[in-house]
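Read the structure below first, then the notes.
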Amino acid sequence: MSTHKNHPFHLVDISPWPILGAFSALTIMMGLIKWFHLFNSNLFLLGITITLMIMYQWWRDIVREGTFQGLHTLMVTKGLQWGMILFITSEIFFFISFFWGFFHSSLSPSIEIGMLWPPKGIYTFNPLEIPLLNTLILLTSGLTVTWAHHSLMENNFNQTIQGLMATVILGIYFTILQAYEYMEAHFSISDSIYGSSFFMATGFHGLHVIIGTTFLFICLIRQYFNHFSYSHHFGFEAAAWYWHFVDVVWLFLYISIYWWGS
């Protein structure tokens, strides 16, 4: 059978990973419910394990298609770029909903919380301590990922690896500091609208940092195996876009929730 095609598009082969990924996500959700209500995390850990296995195999197939089989043509890459732009746009609106809820509650505190913001009894974080350090960490990581990108454009692969490695380390450091901050918090997610707003906004941002760090770590591994070149590195470019988006969201979080809101 001939494999010749007279168009620049990539018609993907039949794959088991989308449906299996959906079922693994369902397993994680049911595991979370079981964990929260029955204090048993076995199903949640099983769902996470299955999801990681599916991610590895799905990404492996995409790397093969784009890097080794040459199926990611200029037209396909343009489609991937628009897909990433629209995805980040949807993420922007996702975080807008959290900021909307925060400012709705803080600019006009209701009588149920004493018409005060922060509500009485809430001991907020000092914005000049760990939050400021985390801000410097993310701003620095934005510089290092840009350094890695420019090094790749100049075919300086050693500096590309160094920049990516520094960015991944800074992302992990940020996550550790935020986990420590949560452990030291004097309030919880159930402590009025302040606790709900704070942990929902900063928690989902922390999740995005973990996702972005994973994204960049995969790019670091791919760069180590010489998968990227001056003209073919959209996987890295998408990771850099996503990381800059995470940086900008944190700046808004720091200014509005940690600094102004406290």
Side-chain angles (χ1 to χ4, degrees), residues 28 31-32 34-36 39-42 44-45 47-49 51-52 55 91 94-95 97-99 101-102 105-106 117-145 148 162-220 239-240 242-262:
I28 290 175
L32 282 171
K34 184 180 179 183
W35 188 11
F36 293 163
F39 304 103
N40 188 328
S41 60
N42 291 343
F44 171 72
L45 294 175
I48 289 289
T49 303
T51 301
L52 290 173
M55 285 164 55
E91 292 281 86
F94 176 76
F95 277 99
S97 66
F98 293 129
F99 286 112
F102 175 79
S105 301
S106 60
W117 193 267
K120 190 174 181 179
I122 296 289
Y123 297 96
T124 61
F125 292 100
N126 185 344
L128 300 180
E129 293 180 349
I130 289 180
L132 180 60
L133 177 57
N134 270 343
T135 302
L136 295 175
I137 288 170
L138 278 190
L139 289 176
T140 305
S141 71
L143 292 176
T144 55
V145 77
Q162 292 170 15
L164 276 172
M165 194 175 296
T167 309
V168 170
I169 291 171
L170 289 170
I172 294 171
Y173 187 31
F174 176 94
T175 302
I176 292 171
L177 284 176
Q178 190 169 37
Y180 175 76
E181 183 183 67
Y182 280 7
M183 288 164 49
E184 294 294 312
H186 296 288
F187 57 92
S188 70
I189 195 171
S190 59
D191 285 328
S192 79
I193 185 64
Y194 184 90
S196 301
S197 299
F198 176 88
F199 282 104
M200 285 294 287
T202 60
F204 268 110
H205 176 268
L207 178 63
H208 282 70
V209 170
I210 294 171
I211 294 170
T213 305
T214 306
F215 201 171
L216 289 166
F217 180 67
I218 298 299
C219 289
L220 174 60
Y242 188 83
W243 195 251
H244 288 310
F245 156 74
V246 168
D247 287 350
V248 172
V249 169
W250 174 258
L251 289 177
F252 281 100
L253 281 173
Y254 177 75
I255 292 170
S256 60
I257 294 180
Y258 284 99
W259 183 63
W260 180 85
S262 63

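Keep in mind it's a predicted model, so treat the numbers as computed, not measured. All values below come from the heavy atoms of this structure, side chains included, with hydrogens, waters and symmetry mates left out.
With sequence neighbours left out, the side chain to side chain donor-acceptor pair (under 3.5 Å) criterion links Thr213 to no other residue. Residues passing the side chain to side chain contact (heavy atoms under 4.5 Å, CB included) test with Ala240, sequence neighbours excluded: Val145. Every residue two or more places apart in sequence or in another chain that forms a side chain to side chain contact (heavy atoms under 4.5 Å, CB included) with Thr202 is listed here: Gln178, Tyr182, Phe198, Tyr258. In this structure, Ala179 has no side chain to side chain contact (heavy atoms under 4.5 Å, CB included) partners at least two apart in sequence or on a different chain. Residues passing the ring pair (Phe, Tyr, Trp, His ring centres under 6.0 Å) test with Phe98 are Phe94, Phe204, sequence neighbours excluded. Checked against side chain to side chain donor-acceptor pair (under 3.5 Å), His205 has no partners two or more places apart in sequence or in another chain. Applying the side chain to side chain donor-acceptor pair (under 3.5 Å) rule to Thr144 yields the partners Thr167; only residues at least two apart in sequence or on another chain are considered. Every residue was checked against the side chain to side chain donor-acceptor pair (under 3.5 Å) condition with Thr175, not counting sequence neighbours, and none meets it. Ile255 meets the side chain to side chain contact (heavy atoms under 4.5 Å, CB included) test with Trp259; sequence neighbours excluded.
In the displayed structure, Phe125 atom CZ is contacted under 6.0 Å by more than 12 heavy atoms of other residues, nucleotides or ligands. Within 6.0 Å of CZ on Phe199 lie more than 12 heavy atoms contributed by other residues, nucleotides or ligands. A 6.0 Å sphere centred on CH2 of Trp35 holds no more than 12 heavy atoms belonging to other residues, nucleotides or ligands.
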Checklist entry - Checking ring-ring contact (aromatic ring centres under 6.0 Å, His included) for the pair Trp117/Phe102: CA distance, chi angles, key distance, verdict? => result CA-CA 11 Å; Trp117 193 267; Phe102 175 79; 5.6 Å; yes
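Interatomic distance, Phe215 CZ to Leu220 CG, rounded to the nearest 0.5 Å: 13.5 Å. The structure places NZ of Lys34 at 6.0 Å from CG of Asn42, a figure rounded to the nearest 0.5 Å. Atoms CD1 and OG1, from Ile257 and Thr124 in turn, are 12.0 Å apart once rounded to the nearest 0.5 Å. Residue Leu164 holds its CG atom at 6.5 Å from SG of Cys219, rounded to the nearest 0.5 Å.
Results of the side chain to side chain contact (heavy atoms under 4.5 Å, CB included) test with His244 over Asp247, Val248, Val246 single out Asp247 as the only residue that passes.
For the pair Phe187 and Pro118, the minimum side-chain heavy-atom distance is 4.5 Å or more. Here the side chains of Ser196 and Tyr194 are not in contact, with every heavy-atom distance at 4.5 Å or above. Proximity of Phe99 to Leu253: side-chain heavy atoms (C-beta onward) are separated by under 4.5 Å at one or more points.
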Return a table of donor-acceptor pairs under 3.5 angstrom between the side chains of residues 131-142 and protein atoms on other chains or two or more places apart.
| unit_1 | atom_1 | unit_2 | atom_2 | d |
| --- | --- | --- | --- | --- |
| Thr135 | OG1 | Pro131 | O | 2.8 |
| Thr135 | OG1 | Trp250 | NE1 | 2.9 |
| Thr140 | OG1 | Leu136 | O | 2.7 |
| Ser141 | OG | Leu138 | O | 2.6 |
| Ser141 | OG | Trp243 | NE1 | 2.8 |

